[in-house]
Protein chains: 2
Amino acid sequence: MNKRRITSKELAKLAGVSSATISRAFSPDSRIGSATRDRILAVAREYGYQPNAIARSLNNQRSRLVALVVNAIGNPCEAEEQQLLVHRLQARQLLPIILCCADHDDRLQLMRLASTYQVDHVVVFSDMVSMQDAVDIFHTTKPIIVSFEPLENEKVSSIRIDGSAAADEIIDKIVTDGKKRFAYLSGTKSSWIDKLRRKWFADALARRGLTLQAEAFGDYGYDSGFKEAVLLLHRAKVDTIICGNDVMAIGARDAARRVLGKNTPDDIAIVGQDGIAMAAWDCNDLTTLSLDHAAFIDAVMELIERHDAELEGPHSITLTCTARWGSTA
Amino acid sequence: MNKRRITSKELAKLAGVSSATISRAFSPDSRIGSATRDRILAVAREYGYQPNAIARSLNNQRSRLVALVVNAIGNPCEAEEQQLLVHRLQARQLLPIILCCADHDDRLQLMRLASTYQVDHVVVFSDMVSMQDAVDIFHTTKPIIVSFEPLENEKVSSIRIDGSAAADEIIDKIVTDGKKRFAYLSGTKSSWIDKLRRKWFADALARRGLTLQAEAFGDYGYDSGFKEAVLLLHRAKVDTIICGNDVMAIGARDAARRVLGKNTPDDIAIVGQDGIAMAAWDCNDLTTLSLDHAAFIDAVMELIERHDAELEGPHSITLTCTARWGSTA
DNA sequence: ATGCAGTGTGTAAACGGTTACACAAATGAC
DNA sequence: GTCATTTGTGTAACCGTTTACACACTGCAT
């Protein structure tokens, strides 16, 4: 019963043709008589034959595998995009391999492992991996790398994100509401995207002659948002906390309410970033600097399709964030 | 610069050995002089050589790829387990391919595609795919299938989950608190696991001479929890809603509070299932029938390792759920 | 009849590794 | 010094496809 999968040679014998003809029956546009093809497909169905994708990949130099480098699977701020991307890839018959690793060295190891599988594309969702590392690891092979970090390199296509206008809108509203002392709660210390996001808000404040009064660093998780907000509110008299993502914002909101007894938006304003679905839930109703996830994934797919079609070198797309209003600011 | 990856034959020439020796240098236990191996590894590093995993898989009949069939990536109730499993697989140098598809026919197509990649294992997290389909699609190849559904089949190992004791505990508490009229809000109509979970609670009620007064079906998402709870509370005078998962429970709690003005646990009791991290957040603080995710993934890995080690046929493991207390019931 | 384009099929060589087998050299036992 | 064993390496076949090339055949214009 542990029957080995039937091979094209065996099927060829059964159908009374050569294995080359079997192969042709499964390639849409190849010189083959339509009667022969129909007969082969019938026999194939009967014996449950399917061409072996591994062998095909070896020959083709095209694996149809795509490596997705992500920070985490559980974290909702990336999950929505991951989900969309996976669907889009699958629709193009591309199979996503997930690379997910907290530790830096392990991650490099993992990327090296994936590169031996001759993946056709690499999408780096994580801002924890340096683009230079990614290029070094994948440079001997074909894949184009799609990432946020705009590295000037012939192998890297990137998607730039601009949230400065939306940050300005949000700060405008908060200042109008009378808030005066702002804190920024970063996702991580080393993250490239986090620095960028912070700059949008810092610049928006600077334009009004204001500055950040306090700062803290978390890990993009709820608990860190909660804990850092408690410390922050004890340390500095701030009336606004801008958070690195929505999950930390929810943590900060809970901390303010539970530990300090402060409510949004009157006592304190809380701002998230990402615009995940959960932020709009009735119990959260977060004001957040939001990215259009569908548009983002459209952009990723556009870059991948460009590369598939062997259009020239890398390319870059810029997306603009919008403000999404809730009751927290 | 689009330099092709160097092959073992080329490296062999550079190192003055045969390609067989190159291969041996990269296999931990093979007859090779240690001086030769060191020299080869040095040259390999210099030229950035790594054995091609696709070619290796073709020869080995072992791809080190694992297909993960999931309902969704974004949904937190599965995400935590997915995350853990991915880490564990990666630690064993196994690469996870994610198959994620809402539509039934597409999902079968996708599974067929993955099966052509000669995956070594298949883990079916989704209860939306019938085990019989999975067996049919993967039966010509080696993989063992790990799933929840206890199908008696020599190719399927399964993990059974028993939450009856925990459900009993939870019902006990709720009844003691004076609640009398119970509703069950299912995740989906067709889900196998959902029927099982419902039965745990229905049995616990039956033991006390009680029955479910109302039922509804959602889709495991927040919005469906919210919407169905509103309809349910208008339709029937219930004082307890047991939900198919935590996310729907949060939706139901929000609906009760926002639309009906009912608070937990006094006006209404809400029970979730899964025990996701978010359920314990301060703003949720859900009472939930919880599964130990780490233990669950331990079990999955045990089944995979059994199969890797070519131990006999399939195997089955049973896990017990526990009650996790919050302020909603 | 002759030549030529077009069609359908088979043969054999890739693709990039692994490994059974063969064989030479080194080692050790007597 | 002989013989058996062990160790290290090369040769060649194989894993299951695809595809360049060759060839036979058809149909059609000359």
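By convention in this document, chain letters (A, B, ...) are assigned in the order of the sequence lines, proteins followed by strands, and residues within each chain are numbered from 1.
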Next on the checklist: Suppose we screen for side-chain contact (heavy atoms from CB on, under 4.5 Å). Which residues come up paired with B:D194, at least two apart in sequence or across chains?
Outcome noted: B:Y184, B:S186, B:S191, B:Y220
[N] [atom2] sits how many Å from [X] [atom1], rounded?
X: B:I40; N: D:dG8; atom1: CD1; atom2: P; value: 13 Å
X: A:Y117; N: C:dC15; atom1: OH; atom2: C1'; value: 17 Å
X: B:K13; N: D:dG10; atom1: NZ; atom2: P; value: 13 Å
X: A:R31; N: D:dC25; atom1: CZ; atom2: C1'; value: 12 Å
X: B:D29; N: C:dT18; atom1: CG; atom2: P; value: 13 Å

Checklist entry - Quick check, are the ring centers of A:Y117 and B:Y117 under 6.0 angstrom apart? => result no
Checklist entry - Using 30° and 60° as the class limits, which term best fits the ring planes of A:Y49 and A:F26: parallel, tilted or perpendicular? => result perpendicular
Checklist entry - Is there a donor in the side chain of A:D308 and an acceptor in the side chain of A:H121, or the other way round, less than 3.5 Å apart? => result yes
Checklist entry - For residues B:D105 and B:Q109, is any side-chain donor paired with an opposing acceptor at under 3.5 Å? => result no
Next on the checklist: Once you apply a heavy-atom cut-off of 4.0 Å, does A:S18 come out as touching a base, just sugar-phosphate, or nothing?
Outcome noted: base
Atom pairs, N/O to N/O, protein against nucleotides 15-18 of chain D, distance under 3.5 Å?
{"unit_1": "D:dT17", "atom_1": "OP1", "unit_2": "A:Y49", "atom_2": "OH", "d": "3.4"}
{"unit_1": "D:dT17", "atom_1": "OP1", "unit_2": "A:N52", "atom_2": "N", "d": "3.3"}
{"unit_1": "D:dT17", "atom_1": "OP2", "unit_2": "A:S8", "atom_2": "N", "d": "2.6"}
{"unit_1": "D:dT17", "atom_1": "OP2", "unit_2": "A:S8", "atom_2": "OG", "d": "2.9"}
{"unit_1": "D:dT17", "atom_1": "O5'", "unit_2": "A:Y49", "atom_2": "OH", "d": "3.3"}
{"unit_1": "D:dT17", "atom_1": "O5'", "unit_2": "A:N52", "atom_2": "N", "d": "3.3"}
{"unit_1": "D:dT17", "atom_1": "O2", "unit_2": "A:N59", "atom_2": "ND2", "d": "3.1"}
{"unit_1": "D:dT18", "atom_1": "OP1", "unit_2": "A:R56", "atom_2": "NH1", "d": "3.2"}
{"unit_1": "D:dT18", "atom_1": "OP2", "unit_2": "A:S23", "atom_2": "OG", "d": "2.3"}
{"unit_1": "D:dT18", "atom_1": "O5'", "unit_2": "A:S23", "atom_2": "OG", "d": "3.2"}
{"unit_1": "D:dT18", "atom_1": "O4'", "unit_2": "A:N59", "atom_2": "OD1", "d": "3.3"}
{"unit_1": "D:dT18", "atom_1": "O4'", "unit_2": "A:N59", "atom_2": "ND2", "d": "3.4"}
{"unit_1": "D:dT18", "atom_1": "O2", "unit_2": "A:N59", "atom_2": "ND2", "d": "3.2"}

Checklist entry - OP1 or OP2 of C:dT19 sitting under 4.0 Å from any side-chain N/O of B:S30? => result no
Item to check | Any residue meeting salt bridge (Lys or Arg N to Asp or Glu O under 4.0 Å) with A:E46, in chain and number order, not counting sequence neighbours | outcome: none
